[in-house]
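Here's the structure we're looking at; comments come further down.
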Amino acid sequence: MKFLEEYNQIINRHKVEEKLDWKSLLAAGLIAAPGAAKEMPQKEQPAIVKKAVQPSSEEKFLYNIKHVIRQREGSNNFNLVKKLHGAKNDPTIGWGHSLRYTNQSRAIFNKVLPDVNFDQVINKNKPAEISLKDGEKLLDYDVKTRLSTLKRLYPDFFTYDFNTQQALFDLLYRGDLNYNVTKLLKAGEKDQAIAMLRKNIESSAPGVKTRVEDSIKKIQGSKFFNKPVAKPTQSRLW
């Protein structure tokens with residue numbers, strides 16, 4: 001009915017002859033097809049929610065510990081990274097990568113930096129420099145290798161807070177987390193483990209002592225490695 005009314009209105013408005021049927025008016029664009037004016041409701045599109053991919057505990061630790069090491073070893077100064085640090089007992093390059101044991105270091109370079117001439121790097125007269133990218137590769141190798149050891153020694157490693165994780169990592173990175181210290185920590189003998197750590201660095205350089213003491217402070221403040229308190233036994237009255 002509404003369409004017929006619209007048809008008649010168009011006829012009168014445009015003074016067209018009635019002999020023009022509705023199909024002709026439709027073709028001329030003077031009227032709309034039945035129902036065309038009625039807006040069809042759009043189908044509701046399902047909301048697409050992109051779930052953010054959360055990094056794993058291991059990925060978060062690797063990112064954080066690398067950041068700490070870069071800051072400590074001088075990441076703001078590229079020259080500190082690429083040059084050999086010829087310390088008497090422990091020469092390093094990159095972000096604290098130790099070259100103390102030549103054969104071991106050579107094997108690591110062959111694996112991680114096969115295009116770098118190791119002999120030229122450790123040449124005392126004119127040591128070759130490494131690139132920032134090479135320093136990053138060494139750091140990644142060192143961190144992942146030590147993390148693999150920590151996961152084996154401490155199966156609950158990723159349940160620890162970052163301060164505890166960092167303390168263990170730094171001690172292992174320096175070589176202070178030996179078998180006996182680890183055994184005491186895992187037995188809950190935190191105080192004895194700390195005493196052993198301090199005894200082991202009595203003759204070390206001041207810088208070494210400072211770093212180990214920093215790890216000790218973190219372990220002291222950790223809620224882990226405390227010996228469980230034995231529950232008092234109740235005596236039976238009958």
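Only heavy atoms go into these numbers, but all of them, side chains included; no hydrogens, no water, no symmetry mates. The shown structure was predicted, so the numbers you read here are calculated from the model rather than taken from an experiment.
- In this structure, Asn226 contributes its side chain and Lys223 its backbone to a donor-acceptor pair below 3.5 Å.
- Glu202 contributes atom CD, which lies 12.0 Å from atom CG of Leu197 (distance to the nearest 0.5 angstrom).
- No donor-acceptor distance shorter than 3.5 angstrom exists from the side chain of Lys83 to the backbone of Gly94, with no hydrogens or angles considered.
- In this structure, the separation between OG1 on Thr182 and CE on Met196 is 10.5 Å, given to the nearest 0.5 Å.
- We find the CZ-CD distance between Phe61 and Gln166 to be 8.0 Å, quoted to the nearest 0.5 Å.
- Between Phe158 and Lys151 the shortest side-chain heavy-atom distance falls below 4.5 Å.
- Tyr63 and Tyr160 are assigned to two separate hydrophobic clusters, defined by single-linkage of ILVMFWY side chains at heavy-atom distances under 4.5 Å.
- A salt bridge links Arg72 with Asp170: the distance from a Lys NZ or Arg NE/NH1/NH2 to an Asp or Glu carboxylate oxygen falls below 4.0 Å.
- Taken to the nearest 0.5 Å, the CG atom of Asn163 stands 13.0 Å off from the CD atom of Gln220.
- Between Phe225 and Leu184, the closest side-chain pair of non-hydrogen atoms is not below 4.5 Å.
- A side-chain donor-acceptor contact under 3.5 Å links Lys190 to the backbone of Ser222.
- Using a distance-only test at 3.5 Å, with no hydrogens or angles considered, no donor-acceptor pair links the side chain of Asp156 to the main chain of Thr159.
- The two residues Glu59 and Pro55 have their closest heavy-atom pair at OE1-CA, 3.3 Å.
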Subject >> side-chain contact (heavy atoms from CB on, under 4.5 Å) evaluation trace for Ile130 with Val121 >> reply: CA-CA 8 Å; Ile130 65 171; Val121 169; 4.2 Å; yes
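- Distance check: Ser131 OG to Glu136 CD gives 10.5 Å after rounding to the nearest 0.5 Å.
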Please tabulate, for side-chain N and O atoms in residues 138-150, each donor-acceptor pair with protein atoms closer than 3.5 Å (sequence neighbours left out).
from: Asp140; atom 1: OD1; to: Lys66; atom 2: NZ; distance (Å): 2.5
from: Asp140; atom 1: OD2; to: Lys144; atom 2: NZ; distance (Å): 3.3
from: Asp142; atom 1: OD1; to: His97; atom 2: ND1; distance (Å): 3.2
from: Asp142; atom 1: OD2; to: His97; atom 2: ND1; distance (Å): 2.7
from: Thr145; atom 1: OG1; to: Tyr141; atom 2: O; distance (Å): 2.7
from: Arg146; atom 1: NH1; to: Asp142; atom 2: O; distance (Å): 3.2
from: Thr149; atom 1: OG1; to: Thr145; atom 2: O; distance (Å): 3.4

Mind listing the side-chain donor-acceptor pairs of residues 108-115 below 3.5 Å, one per line with the distance, residues two or more places apart or on another chain?
from: Asn110; atom 1: ND2; to: Arg106; atom 2: O; distance (Å): 3.3

**OP:** Could you check His85 against Ile93 for side-chain contact (heavy atoms from CB on, under 4.5 Å), going step by step and ending with a plain yes or no?
**Re:** CA-CA 6 Å; His85 293 253; Ile93 198 167; 5.8 Å; no
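- When side chains are defined from C-beta on, Val68 does not count as touching Phe169, because their heavy atoms never get closer than 4.5 Å.
- Side chain of Asp214 to main chain of Thr210: no donor-acceptor pair is present (N/O by atom type, distance under 3.5 Å, no hydrogens or angles).
- Between Glu189 and Lys183 there is no salt bridge, since no side-chain N of the basic residue sits under 4.0 Å from a carboxylate O of the acidic one.
- Put simply, CG on Leu168 and OH on Tyr173 are 16.0 Å apart, with the number rounded to the nearest 0.5 Å.
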Subject >> Step-by-step side-chain contact (heavy atoms from CB on, under 4.5 Å) determination, Val181 to Leu171 >> reply: CA-CA 10 Å; Val181 172; Leu171 289 171; 5.5 Å; no
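- Panel note: side chain Gln165, backbone Phe157; a donor-acceptor pair is recorded below 3.5 Å.
- Taking each heavy atom of Ser98 and Asp90 in turn, the nearest pair found is OG-OD1, 2.6 Å.
- Judged by distance alone, the side chain of Lys227 and the main-chain N or O of Ala187 form no donor-acceptor pair under 3.5 Å.
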Subject >> Step-by-step side-chain contact (heavy atoms from CB on, under 4.5 Å) determination, Lys60 to Gln54 >> reply: CA-CA 9 Å; Lys60 285 191 286 187; Gln54 295 295 327; over 6 Å; no
Subject >> Test ring pair (Phe, Tyr, Trp, His ring centres under 6.0 Å) applied to Phe224 and Tyr154, step by step >> reply: CA-CA 11 Å; Phe224 302 98; Tyr154 303 91; over 10 Å; no
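- Heavy atoms only, all atoms of each residue included: Ala167 and Ser215 are closest at CB-O, 3.6 Å.
- Looking only at side-chain heavy atoms (C-beta outward), Leu185 and Leu177 come within less than 4.5 Å of each other.
- The shortest non-hydrogen separation linking Asn200 to Ser204 is O-OG, 4.2 Å.
- Considering only heavy atoms from C-beta on, Leu84 comes within 4.5 Å of Leu99 through its side chain.
- Cluster membership for Tyr101 and Val116, using ILVMFWY side-chain heavy atoms within less than 4.5 angstrom, is not shared.
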